[in-house]
Amino acid sequence: MPKVRTRVAPSPTGDPHVGTAYVALVNYCFAKKHGGEFVLRIEDTDQTRSTAESERAILETLRWCGLSWDEGPDVGGPHGPYRQSERSSIYREYAGKLLEQGDAFKCFCTPERLEEMRVAQRASGRPSRYDGLCLSYSPEDVARREAAGEPYVVRMRVPDEGVCVVEDLRRGPVEFEYKTVDMQVLMKSDGLPTYHLANVVDDHLMGITHVFRGEEWLSSAPKHLLLYSYLGWQPPKLMHLPLLRNPDKSKLSKRKNPTGILFFRAMGYLPEALVNFLALLANAVRDGEDEIMDLPAIVRRFEIEHVPTGGPVFDLPKLDWLNGRYIRERLDPATFARRVTDWGISPQRLTRLAQLAAPRIERFSDLGPLLAFLFSGRLSLRPEDLRGTKLDDVEMRRAFTLALTELDALPVWDALGIEAVLKRIAETLGKKTRDVARPFYVAITGSPTSIPLFDSMELLGRDIVRERLRGALQLLGGAG
RNA sequence: GGCCCCAUCAUCUAGUGGCCUAGGAUGCCGCCCUCUCACGGCGGUAACGCGGGUUCGAAUCCCGCUGGGGCUACCA
């Protein structure tokens, strides 16, 4: 029996998500429960979306949660590198092997043709699936096109007939007819692999024995199983975890709810409470058992067969209750003091605040009202508070809506970038920056007079800013 | 549209054919404690989606329906 090895493989394409922490926790628990190892791998094969900043934040927040990995891009290990962008030659090798075996082929089809094909397939009620045009080309044809410099991708071959049975550890056998499984792209025209190839190759090479991943992967499991068999490898055991949901039951998304681990940190949740809460979502307690438990206890009582299959709503009020219990039951006054300091009034943060606040106060006692917004969750505002003279409701809605998307797209969250976004929005609206800034001051700081806006936003963090803008928008009756 | 997953209180869930006139937790309501509030204690509210089977017996097994969700990219 080989040693149990699990992994979490986040994609560094945005702010770290609680779903990632949930999946990481399950993989961590399973590995530790069985005396195995837990690996962190970065899936950055999408070079247009991946950022170093996102990777850094993911590592930092997972560590904040108390999860540690035995191997990973920062700690190294015998199966590295742990960043897929550094493993290109490995994927090329296996793509080459698949091509040679005839289990993959070069595809020269244009995006336009593929799009047309899919539209037609959908219209006639068929599954969306590559029609195999490029499979019909002779080797000479392929060589000629390649020599002519036609761009191509490498696609995996999928049988037209038969059934693939995916054995899910929790759900049992799940059947897929091969004719409903698409001939996925394995190597993009930029020479980098897609997730499908990279995850199979890496899981094998890294000796991963069990894969716990989100349910969104269940329908592509047949492709992965097929690749394992083409390459002559033993696939790991698979289990698909339910997706965390918004209160409206859709997949948890930052458009509707706080989803960022950074949000929970900025709001003053304790990492042990957050992890405890996520653990409850994976393994509920039995009657009479206390719901508070630390990581070792979570690991000890972890049972994969008790992970629910239905997607749970991320129930913020319950997290609040649990976090409150941690604060009043698990923090002695000294620890309380230290953790509050680390959270909001660390010397570094106070130094920064000093520069921003000192010019605006006459007594230290002015600090309370001036900086209260930095130590608050939601602000209680009325629509009248937002209204000034320079922007009407329609314009404000427009400005907030634009800000919501543009701020999300900022690669690095700092005052400079935020300023650029606000100025661009003012320009779009044909207004002065100062006039556009006013409602933002109110929405973000709760008052039209405050310490500088862009710094305030930076200090609050992207997630809280998003929540406050969303709140302001709601006050004005929705997006514009 | 096609494929797949899922289905117990508002929410998280226990429940793996009789222990269930369905248990716990959050939320909400009430009472108690109390210099306020909160905490805490006690009590209450509230669910097996529907229809067929199988069985002596079904929340538990099977089928259909309905509902929800995911996937359907040269993103993961």
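Every chain is numbered from 1, with letters handed out A, B, ... down the list of sequences. Keep in mind that this is a model prediction, so the values were computed, not measured.
Rounded to an integer number of Å, the gap from A:Leu186 CG to B:A76 P is 12 Å. Whole-Å rounding puts the A:Glu289 CD to B:A14 P distance at 12 Å. The nearest whole Å value for the distance from the CZ atom in A:Arg129 to the P atom in B:G1 is 22 Å. Going from atom CG of A:Asn283 over to atom P of B:G15 covers 10 Å, rounded to whole Å. Between A:Asp320 atom CG and B:U11 atom P there is a gap of 18 Å when expressed in whole angstrom units.
For A:Tyr228 and A:His224, the distance between ring centers is not under 6.0 angstrom. The six-membered or imidazole ring of A:Phe314 lies near that of A:Phe277, with a centre-to-centre distance under 6.0 Å.
Pairing for B:A7 goes to B:U66, judged as Watson-Crick or G-U wobble with the two contacts each under 3.5 Å. In this structure, B:G30 and B:C42 make a Watson-Crick or G-U wobble pair, each of the two defining distances being under 3.5 angstrom. Across all strands shown, nothing is found opposite B:U55 as a Watson-Crick or G-U wobble partner with both distances under 3.5 Å. Remark: B:U16 base-pairs with no nucleotide; criterion is Watson-Crick or G-U wobble with both hydrogen-bond distances under 3.5 Å.
Ring geometry for A:Phe212 versus A:His210: interplanar angle under 30°, hence parallel rather than tilted (30 to 60°). Taking the six-membered ring for Trp and thresholds of 30 and 60 degrees, A:Phe375 and A:Trp343 have ring planes more than 60 degrees apart, a perpendicular arrangement.
Closest to the side chain of A:Thr309, out of B:G68, B:C74, B:A7, is B:A7.
Applying the 4.0 Å criterion to OP1 and OP2 of B:U13, one finds that A:Lys318 has every side-chain N and O outside that range. Considering only side-chain N and O atoms, A:Ser250 lies nowhere under 4.0 angstrom from the phosphate OP1 or OP2 of B:G68.
One N or O donor and one acceptor, one from the side chain of A:Ser189 and one from the base of B:C74, sit under 3.5 Å apart.
Checked options A:Trp69, A:Tyr28, A:Phe38; the residue passing with A:Thr6 is A:Phe38 (criterion: side chain to side chain contact (heavy atoms under 4.5 Å, CB included)).
Nucleotides B:C28 and B:U16 are separated by 32 Å at their C1' atoms, to the nearest Å. On the C1' atoms, B:A14 is 15 Å away from B:U26, given to the nearest whole Å. Comparing the same atom, C1', in B:G51 and in B:C31 gives a spacing of 45 Å after rounding to whole Å.
When heavy atoms are screened at a 4.0 angstrom cut-off, A:Val153 is found touching base atoms of the nucleic acid.
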